[in-house]
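Just below is one structure, and these are the notes that go with it.
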Amino acid sequence: MAALRQFNLLVLATFSLTLVACGSGGDGNSSVSSSSSSSSSSVSTTERIKLNQIGYLPAAQKVAIVPDVAATAFTLVNQAGEVVYNGNLPAAQTWAPAEESVKIADFSDFSTPGAYYITVEGVQNSDGFSISDTVYSDVHDAAIKAYYFNRSSSELQAQHAGDWARAAGHPDTNVLVHGSAVSAERPEGTSISSSKGWYDAGDYNKYIVNSGISTYTLLAAYEHFPAFYADREWNIPESGGDLPDLLDEVLWNLDWMETMQDPNDGGVYHKLTTLSFSGGVMPAAATAQRYVVAKGTSATLNFAAVMATASRVFKPIDSSKAAAYLAAAERAWDWAIANPEKAFTNPSDVKTGEYGDGELNDEFAWAAAELFISTQEASYLAEFQKRNAASGVPSWGYVSPLAYISLVQHAETMVGSDDYSSFQSSLVSTADELESLYRSSAYRVSMQVSNFGWGSNSDALNQAMMLVQAWRITGEQKYRDAALGLVDYALGKNPTDYSYVTGYGARPPMGIHHRQSHADSVDAPVPGFLSGGPNPGQQDGCNYTSNVPAKSFVDDWCSYASNEVTINWNAPLVYVLAAVQAM
Ligand code: G3I
Ligand code: 9MR
């Protein structure tokens, strides 16, 4: 991956040199004219044109955001310095989350593959970017490989991890049952083994609720785009084996999740954690005792949903594993029915991530839907219907939209046509709202002020995932455009001018709140991680330079509230980047 990043930087450096060399105007040929704009050194403002710093798919919408200058036109310039496209800049509009007025440069009807930049009189030329069918291939693979880099209980060898090779941490073979999690069979202090799994985030703990939505989202990517994943590999230890790499990666976490179910009653521990967050050290140096903490209803239902999903994915591959997953899901469901209101809160001596959620109707609906699909037992469908749960945009604490995604994927022949249509409508109406926000937005992005909280970038990508559902159902390109508007946002078409994925784009974050990236001796962070993104809550107290919602971002290790990375934020990025390439 180090080589990959160096290559990207080299390409950009080479392109910039080309731009400087050509900027003062060589002769164009007869079909194109030479750029009249000069290199960035002579422009009067440092305000940049914001765009997808990686680039665009040839047939897709292509939009860049221009500061509110007097110019009414823009040009697209190729690597030879030739103007290949002229476009108009309509009047500026305000985008509320950024409290700024901008103009839209829309060059969607230009589709010739190549390398380009944009010029507008009075502003600095844009970064170089590509138009190509494979433009998101590398960033997709990096986003899924990030899970490998976050594996607990495993050494990362140089042949797979490059510069980010490291020793194993957290074997988790001696995890103690915390006082909040005792049962007759497992009194306080009982030692259990609970190895593998992915670290949640920048911290080294493992939380079922967040692991669950991440695992589901990756399994959904596999279920929806099997051909895309069949032979796709990204150099993990299991590459070259019988299974697609995606399933090998997911198995690493499923193996851990299984150990979080108490075999005596089917309840699932909420998390595996130290009592306090470790310092900013490498995994092998973070050796404090770990505990499994309190069984809870949200973790248990989340586990049930994921195990039911895994059972159908693995059925054609390993029927006994599939049967074990389904049995685990059903036992978890039974526990949740018997313990319907055990909302988790941190015990007083536990200070790590809470993932607390008192609203459990959506978790019941999701688990019921997945169990219905995997068992086809009518009682689970009745449970799902009884919950009357809405769709919307999913997050770790709001999972009913995932039920609709799965029902639309699988249930056409399992339910009546009216029911099936209503499942589809639930997804499409969520997407319609997002698409109309996209269409009228000055930044061509469906994000609103209210979406800017902790992990706002995951809101963006989960919105995109919902737009993809409507695209899959209706085939209408407008949903794909709106989804891509969010991909562009994450990769640079945003007011901070960061491409929020480490290692990708002209200005990716360098100081993510990720203990391995912070503690290792490599300058660049582990690649492929989506930063949490702007969060005006600013709960970390770091030195933010703006309070504006979409600009409330600090690229510094200290900013765990705006610049941490997590497995649940990368998952919809993986899903959406797969969708736009596979469909
Ligand atoms: O639900 C309320 C909503 O009603 C209210 O309108 C809104 C206004 O701010 O807040 C909402 O609650 C937010 C909650 O997330 C649910 O989205 C809290 O403000 C916000 O502080 C909270 O942030 C969570 C954060 O942990 C702190 O608890 C993030 O969602 C969650 O992703 C993050 O997760 C951490 C883990 O605990 C530990 N590992 C790293 C991970 C990422 O930072
Ligand atoms: O590093 C922690 C991060 O992974 C969590 O998401 C975050 C919120 O729970 O907390 C971070 O830990 C901070 C702690 O809460 C307060 N002291 C500083 C810690 C970061 O160095």
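As the structure lists them, so they are numbered: ligands from 1, and atoms in each ligand from 1. This is a predicted model, so every value here is computed, not measured. Along the sequence shown, residues carry numbers from 1.
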(message) With a sphere of 6.0 Å drawn around CD of Glu354, does it hold more than 12 non-hydrogen atoms of other residues, nucleotides or ligands?
(response)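 Yes, the 6.0 Å shell around CD holds more than 12 heavy atoms from other groups.
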(request) Might you confirm whether atom CD of Glu341 has over 12 heavy atoms from other residues, nucleotides or ligands at distances under 6.0 Å? (result)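 Open: at most 12 neighbouring heavy atoms sit under 6.0 Å from CD of Glu341.
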Mark whether [atom] lies under 4.0 angstrom from at least one protein heavy atom.
| atom | value |
| --- | --- |
| atom 28 (O) of ligand 1 | no |
| atom 41 (C) of ligand 1 | yes |
| atom 36 (C) of ligand 1 | yes |
| atom 14 (C) of ligand 1 | no |
| atom 32 (O) of ligand 1 | yes |
| atom 3 (C) of ligand 1 | no |
| atom 6 (O) of ligand 1 | no |
| atom 17 (N) of ligand 2 | no |
| atom 9 (O) of ligand 1 | no |

Does the ring center of [X] lie less than 6.0 Å from the ring center of [Y]?
| X | Y | value |
| --- | --- | --- |
| Tyr443 | Trp95 | yes |
| Tyr500 | Phe553 | yes |
| Tyr229 | His140 | yes |
| His170 | Tyr199 | yes |

Residue, atom name and distance, where the atom is the protein heavy atom closest to [atom]:
| atom | result |
| --- | --- |
| atom 34 (O) of ligand 1 | Tyr355 OH, 3.2 Å |
| atom 13 (C) of ligand 2 | Tyr560 CE2, 3.5 Å |
| atom 18 (C) of ligand 1 | Gln539 NE2, 4.9 Å |
| atom 10 (O) of ligand 2 | Phe277 CE1, 3.4 Å |
| atom 16 (C) of ligand 1 | Trp396 CZ2, 4.1 Å |

Below 4.0 angstrom from a heavy atom of [X], which ligand 1 atoms are there? Numbered from 1 as shown, please.
| X | answer |
| --- | --- |
| Thr566 | 41 (C), 42 (C) |
| Gly353 | 36 (C), 37 (O), 38 (C) |
| Tyr207 | 38 (C) |
| Glu564 | 40 (C), 42 (C), 43 (O) |
| Asp203 | 38 (C), 39 (N), 40 (C) |
| Ala201 | 39 (N), 40 (C) |

Just so I know, are the side chains of [X] and [Y] near enough to count as touching, which here means a heavy-atom distance under 4.5 Å?
| X | Y | answer |
| --- | --- | --- |
| Lys196 | Asp172 | no |
| Leu272 | Asn205 | no |
| Asn210 | Trp569 | no |
| His270 | Ile208 | no |

For [X], the ligand 2 atoms whose distance to one of its heavy atoms is below 4.0 Å:
| X | value |
| --- | --- |
| Glu564 | 3 (C), 4 (O), 5 (C), 6 (O) |
| Arg515 | 1 (O), 2 (C), 4 (O) |
| Asp203 | 4 (O) |

With only distance considered, is [X] within less than 3.5 Å of ligand 1 through an N or O on each side?
| X | result |
| --- | --- |
| Trp569 | no |
| Asp200 | yes |
| Tyr560 | no |

Pair [X] + [Y], salt bridge at N-O below 4.0 Å:
| X | Y | answer |
| --- | --- | --- |
| Lys271 | Asp200 | no |
| Glu249 | Lys145 | no |
| Glu435 | Arg444 | no |

(message) If the contact criterion is a heavy-atom separation under 4.0 Å, does His513 count as touching ligand 2?
(response)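 Flag set, His513 near ligand 2.
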(request) Take every heavy atom of Trp454, measure it against each atom of ligand 2, and state whether any distance is under 4.0 Å. (result)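 True for this residue.
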(request) Name the orientation class of the two ring planes belonging to His518 and Trp557 (parallel below 30°, tilted from 30 to 60°, perpendicular beyond 60°). (result)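 Answer is parallel, since the angle falls under 30°.
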(message) Using the rule salt bridge (Lys or Arg N to Asp or Glu O under 4.0 Å), only one of Lys295, Arg331, Arg186 pairs with Asp265; which is it?
(response)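 Going through the options one by one, the only one that passes is Lys295.
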(request) Among Trp366, Tyr404, Trp333, Phe364, find the residue that satisfies the ring pair (Phe, Tyr, Trp, His ring centres under 6.0 Å) test when tested with Phe384. (result)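 Only one of Trp366, Tyr404, Trp333, Phe364 forms a ring pair (Phe, Tyr, Trp, His ring centres under 6.0 Å) with Phe384, namely Tyr404.
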